[in-house]
Structure formats: structure tokens, C-alpha cells
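For reference, the structure discussed in these notes is given below.
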Amino acid sequence: MKLNNLSKNDLEIIKDCLIFSEDERVFPGWEFETLFGISRERFSAVSKEWPAVDSESQDVDMAVIGCLNNILGYLHMSDKDWKNNFSFTPNELLKILRNIE
């Protein structure tokens, strides 16, 4: 995963997404590992270390890319719900995802 071309703001947005995705109400335990490809415990370890992570780690790759993809494509939020949960737009998040892949 390419992290060196991300701004400080981009890294903060990813951190916000990781924290949001850890919430059991957002992604229940019964589907978490299926959606992300890693356990919630391993995901949480990445979230706690972010942004001081090993960008070559498969867990980091799966947690971050899975997180951004699931927020953008799996969750179905109204504009109002999005604004209540995030301080950035879906387009900003998509741009970050494209920059790290």
C-alpha cells in the first residue's frame, strides 16, 4: 500500500474511518471478518497503531482498503447520515482510496 503520497489530512481521514468501522453497531461481529478478510482484533491492532504502521503488512492493507471500500460501497447512508458521521465527502474518501491502491 502506498502511504507516502498521503497528506496529514488524508491520514486523519483514514484514522476516522478505522475508528468508525470498529464500532460493532456499524459492522456487526457476525459479518466483520467476511467483509474485511481479517478478524476484528487484527483490524483493531491496525487502527490503534495508525498511522505508524508497516505499509507492507497484509493486515494493514486489508484493514485500510477494506475499511474504505466498505464505507463507500457497502454501507448505504443518506447524505444527512454521512454528514453526521464524517467531516469529509465520499469523493474525498474515494480519492484517498485511489491514491493508496
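Heavy-atom basis, side chains included; hydrogens, waters and symmetry copies ignored. When a residue number appears, it is its place in the shown sequence, counting from 1. Note that the structure is a prediction, hence the values are computed from the model and not measured.
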Next on the checklist: side-chain contact (heavy atoms from CB on, under 4.5 Å) for N99 and K2? Distances and angles first, verdict last.
Outcome noted: CA-CA 7 Å; N99 283 336; K2 298 181 279 186; over 6 Å; no

Item to check | Donor-acceptor pair, side chain of D61 and main chain of Q58, under 3.5 angstrom | outcome: no

Item to check | Test side-chain contact (heavy atoms from CB on, under 4.5 Å) applied to K15 - qualifying residues, sequence neighbours left out | outcome: I19, S47, W50

Checklist entry - Between F32 and F36, how do the two ring planes meet: parallel, tilted or perpendicular, split at 30° and 60°? => result parallel

Rounded to the nearest 0.5 Å, what separates atom [atom1] in [X] from atom [atom2] in [Y]?
| X | Y | atom1 | atom2 | result |
| --- | --- | --- | --- | --- |
| L11 | L3 | CG | CG | 7.0 Å |
| M77 | L72 | CE | CG | 9.0 Å |
| N69 | Y74 | CG | OH | 13.5 Å |
| R98 | L94 | CZ | CG | 4.0 Å |
| I100 | L68 | CD1 | CG | 5.0 Å |
| N85 | K80 | CG | NZ | 12.0 Å |

Next on the checklist: Regarding T89 and E92, do their side chains bring together a donor and an acceptor under 3.5 Å, going by distance alone?
Outcome noted: yes

Which pair of heavy atoms, one from [X] and one from [Y], lies closest together, and at what distance?
| X | Y | result |
| --- | --- | --- |
| M1 | V64 | CE-CB, 3.7 Å |
| F88 | C17 | CZ-SG, 3.5 Å |
| V46 | V53 | O-CG1, 4.0 Å |
| A63 | L18 | O-CD2, 4.1 Å |
| M62 | G37 | CE-O, 3.2 Å |

Next on the checklist: I'd like to check the salt bridge (Lys or Arg N to Asp or Glu O under 4.0 Å) partners of E24; sequence neighbours left out, ordered by chain and number.
Outcome noted: R40

Item to check | F27 vs T34, side-chain contact (heavy atoms from CB on, under 4.5 Å): CA-CA, chis, key distance, verdict | outcome: CA-CA 10 Å; F27 295 107; T34 301; over 6 Å; no

Checklist entry - Would you say the side chain of L6 lies within less than 4.5 Å of the side chain of I13, judging by non-hydrogen atoms? => result no

Next on the checklist: As a quick check of understanding, evaluate side-chain contact (heavy atoms from CB on, under 4.5 Å) for F20 and L75, giving each step before the final call.
Outcome noted: CA-CA 12 Å; F20 177 81; L75 296 180; 3.6 Å; yes

Next on the checklist: Please determine whether side-chain contact (heavy atoms from CB on, under 4.5 Å) holds for the pair V26 and S21, giving the CA-CA distance in whole Å, both sets of side-chain angles, and the decisive distance to 0.1 Å.
Outcome noted: CA-CA 6 Å; V26 177; S21 296; 5.6 Å; no

Checklist outcome for this item: For E33, the side-chain hydrogen bond (donor to acceptor under 3.5 Å, both in side chains) test, sequence neighbours excluded, returns none

